[in-house]
There are 2 protein chains.
Amino acid sequence: MTAKTPVFQRIKGDILARIQTGDLRPGDLIPGEEALAEEFGCSRMTVHRALRELSQDGVVERRRKSGTRVARPGGRNVLLEIPRVDQEVAAMGCAYGYELLQREVGAPPEHVRSKLEAGAKTRAVHLCCLHRANGAPYQFEERWINLDTVPEAAEVDFAETGPNAWLLENVPWSDGEHVLSAANADARTAALLDIAEQDAVLTIERRTWRQDKVVTYARFTHPGRFYRLRTSLDRG
Amino acid sequence: MTAKTPVFQRIKGDILARIQTGDLRPGDLIPGEEALAEEFGCSRMTVHRALRELSQDGVVERRRKSGTRVARPGGRNVLLEIPRVDQEVAAMGCAYGYELLQREVGAPPEHVRSKLEAGAKTRAVHLCCLHRANGAPYQFEERWINLDTVPEAAEVDFAETGPNAWLLENVPWSDGEHVLSAANADARTAALLDIAEQDAVLTIERRTWRQDKVVTYARFTHPGRFYRLRTSLDRG
DNA sequence: GAGTGGTCTAGACCACTTT
DNA sequence: AAGTGGTCTAGACCACTCA
């Protein structure tokens, strides 16, 4: 069935194979687009697309006049999929439960205000939510939503719908920043997640922007014993 | 200077802006390639490239005959950069130190053998390494290298060069899988990292493949208090 | 100045999916 | 059967960068 795979994909695969077998090593020069076009019996555009995608994947580095070289892998860039809680729980075959523990509107504390890149007069919605799997605590979410950026959020009670789902519906496709870290559970978190105090938890902090303004700052906390984040393959 | 930005980029930016302002909402239909080509005064190929890249970024979904629609963001896909330890330490302005604690060659234990997808007779190099920043323990690395896949590794002593650097030089650009989790430090790890027992640690497990065969399985352990992994922006 | 990649075109044909 | 995206071409011109 190789006859049906697009030419640019065969070129990508061919070059990748040459690299993985050690035939081409980091720093090695790859023939020019015109030469490859002749070698593969296709147009330069097709070769260009193959090399461009390899370059975007970090496999190859391209410079005008110098040519294309196999990249020296430094760090690993991996694609991390952070699923939606409800979908994640459902994917495990568990019943998903949502509970709003706290909701208040007002000026956020100082350390949150800086995360929101907000002024002194900025108000925010502060939410504490618990997500459950088959009744058992699964994730604790603490979130602030910047009312300067999303004033509509002040009118939503979030009693039934989690803030994540609401934001995805109403403020889609913002840019984001995530920070992952491990910590020991404090007394409050331990009680909420039904784990022992000092147990390791994995926390994900997320900030999202819309048009250069911070939309929301959220902290997701999972029991470390049961929570693992997998990355799908990307680059090397 | 918008005159110098490529046309396909302007198209991407334009459509992204329409989405971020809420002009286009998830599920909305985007005009066909031919219509957009006329709207932007360019060829269909140029429009196609813009839409293809948006599709690869997960911003839109394309189906033949149906057309192109704004994607419903589900989970977040973020680009996670896992840097090389030495570069990471150097980037913090610290002196990097490497110490090989243990090196042995033999049959790996059962739970590792399954990770290596190895047979009963497979031998592996087992390494325990400590990475330091300004003399202080920074990362503990435990690793097995599959000698079926990389027999050369049996001859390397890894006393001076860390296994990561060696593998990147000798087995470049393999595919990878990563698992992130939080855990409480056991006595041995705590002693090595100079932290208290039960302190939270962030662990990264990595497996890499070359040509469908597992090259190596590694566990990297960091003090959770000081270690954070940041994701750069990608998709929503 | 010369050589490389980067973009773009106008048109063609194909592949998939819905009607 | 028709309409959409997916690929490919042959050629063009431009932009960067090295000698």
Side-chain angles (χ1 to χ4, degrees), chain A residues 1-19 24-72 173 235, chain B residues 1-19 24-72 173 235:
Chain A
M1 305 311 153
T2 53
K4 291 191 67 172
T5 61
V7 179
F8 78 93
Q9 288 228 14
R10 289 200 288 107
I11 299 175
K12 280 179 70 174
D14 192 276
I15 293 176
L16 256 177
R18 288 188 207 175
I19 293 173
L24 282 171
R25 303 176 58 81
D28 282 359
L29 190 64
I30 291 175
E33 296 188 348
E34 221 145 352
L36 287 173
E38 195 158 353
E39 178 181 338
F40 286 97
C42 64
S43 78
R44 187 171 80 93
M45 267 295 277
T46 304
V47 169
H48 177 73
R49 175 169 175 190
L51 292 179
R52 171 162 40 85
E53 295 194 359
L54 285 176
S55 163
Q56 286 168 341
D57 291 345
V59 174
V60 127
E61 283 171 356
R62 318 197 70 190
R63 282 219 313 270
R64 284 160 157 131
K65 172 74 176 176
S66 309
T68 303
R69 294 176 181 278
V70 179
R72 265 171 227 290
W173 292 118
R235 317 197 177 181
Chain B
M1 301 303 156
T2 54
K4 291 191 67 174
T5 60
V7 180
F8 78 93
Q9 287 226 15
R10 288 200 287 110
I11 299 176
K12 282 180 68 175
D14 192 276
I15 293 176
L16 257 177
R18 289 188 208 176
I19 293 173
L24 282 171
R25 300 177 61 80
D28 282 359
L29 190 64
I30 291 175
E33 296 187 348
E34 221 144 351
L36 286 173
E38 193 158 351
E39 179 182 338
F40 286 97
C42 64
S43 77
R44 187 170 80 91
M45 267 295 278
T46 305
V47 169
H48 177 73
R49 176 168 175 190
L51 291 179
R52 172 163 40 84
E53 295 195 357
L54 286 176
S55 162
Q56 287 168 342
D57 290 345
V59 175
V60 301
E61 286 171 354
R62 318 197 71 190
R63 283 217 316 268
R64 286 160 156 128
K65 172 74 177 176
S66 307
T68 303
R69 293 177 180 280
V70 179
R72 261 170 231 291
W173 291 117
R235 316 197 179 183

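Per chain, numbering begins at 1; letters A, B, ... match sequence-line order. Just the heavy atoms: all of them, side chains too, but no hydrogens, waters or symmetry mates, feed the values below.
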Calculate the interatomic distance between [X] atom [atom1] and [N] atom [atom2]; express it in whole Å.
X       : N      : atom1 : atom2 : result
A:Glu33 : D:dG11 : CD    : P     : 16 Å
B:Gln9  : D:dC14 : CD    : P     : 20 Å
A:Lys4  : C:dC13 : NZ    : C1'   : 15 Å
B:Arg62 : C:dA15 : CZ    : C1'   : 14 Å
A:Leu36 : D:dT9  : CG    : P     : 13 Å
B:Arg69 : C:dT18 : CZ    : C1'   : 12 Å
A:Gln56 : C:dG5  : CD    : C1'   : 14 Å
B:Leu29 : C:dT18 : CG    : C1'   : 14 Å

Can you see if the side chain of A:His48 gets near the phosphate of C:dG6 - specifically, an N or O under 4.0 Å from OP1 or OP2?
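Yes, A:His48 has a side-chain N/O under 4.0 Å of OP1/OP2 on C:dG6.
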
May I ask you to evaluate whether A:Thr68 reaches the phosphate of C:dG5, defined as a side-chain N or O under 4.0 Å from OP1 or OP2?
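So the side-chain polar atoms of A:Thr68 do come within 4.0 Å of the phosphate oxygens OP1 or OP2 of C:dG5, strictly under.
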
So what does B:Arg44 hit on the nucleic acid, given a heavy-atom distance under 4.0 Å: a base, only sugar-phosphate, or nothing?
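It contacts base atoms.
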
Distance in Å, A:Thr68 OG1 paired with A:Leu54 CG, rounded so as to fall on 0.5 Å steps
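If I round to the nearest 0.5 Å, the distance is 9.5 Å.
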
Tell me which nucleotide among [options] gets nearest to the side chain of [X].
X       : options               : value
B:Pro6  : C:dG3, C:dG5, C:dC8   : C:dC8
B:Arg49 : D:dC16, C:dT7, D:dG6  : C:dT7
B:Arg63 : C:dT18, C:dT7, D:dC18 : C:dT18
A:Thr46 : C:dG6, C:dA10, D:dC8  : D:dC8
B:Phe8  : D:dT7, D:dG3, C:dC8   : C:dC8
B:Val7  : D:dT9, C:dC8, C:dG3   : C:dC8
B:Met45 : C:dT4, C:dA10, C:dC16 : C:dA10
B:Cys42 : C:dG6, D:dT7, C:dT9   : C:dT9
A:Arg64 : C:dT4, D:dT7, C:dT17  : C:dT4
B:Ser43 : D:dC18, C:dT17, C:dT9 : C:dT9

Contact check, side chains of A:Ile19 and A:Asp28, non-hydrogen atoms, under 4.5 Å:
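Side-chain contact under 4.5 Å: no.
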
Under a 4.5 Å cut-off applied to non-hydrogen side-chain atoms, are A:Arg49 and A:Met45 in contact?
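A:Arg49 vs A:Met45: side chains apart.
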
Is a salt bridge present between A:Asp14 and A:Arg18, judged by a nitrogen-to-oxygen distance below 4.0 Å?
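Yes, A:Asp14 and A:Arg18 are salt-bridged.
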
Between A:Arg62 and A:Glu33, does at least one N-O distance fall below 4.0 Å, as a salt bridge requires?
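Answer for the salt bridge query: yes.
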
Nearest heavy atom decides the nucleotide; on that basis, is B:Ser66 or A:Lys65 closer to the 5' end of DNA chain D?
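That would be B:Ser66.
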
How close do A:Pro31 and A:Leu36 get, counting heavy atoms only, and between which atoms?
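Taking A:Pro31 first and A:Leu36 second, the nearest heavy atoms are O-CD1, 3.6 Å.
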
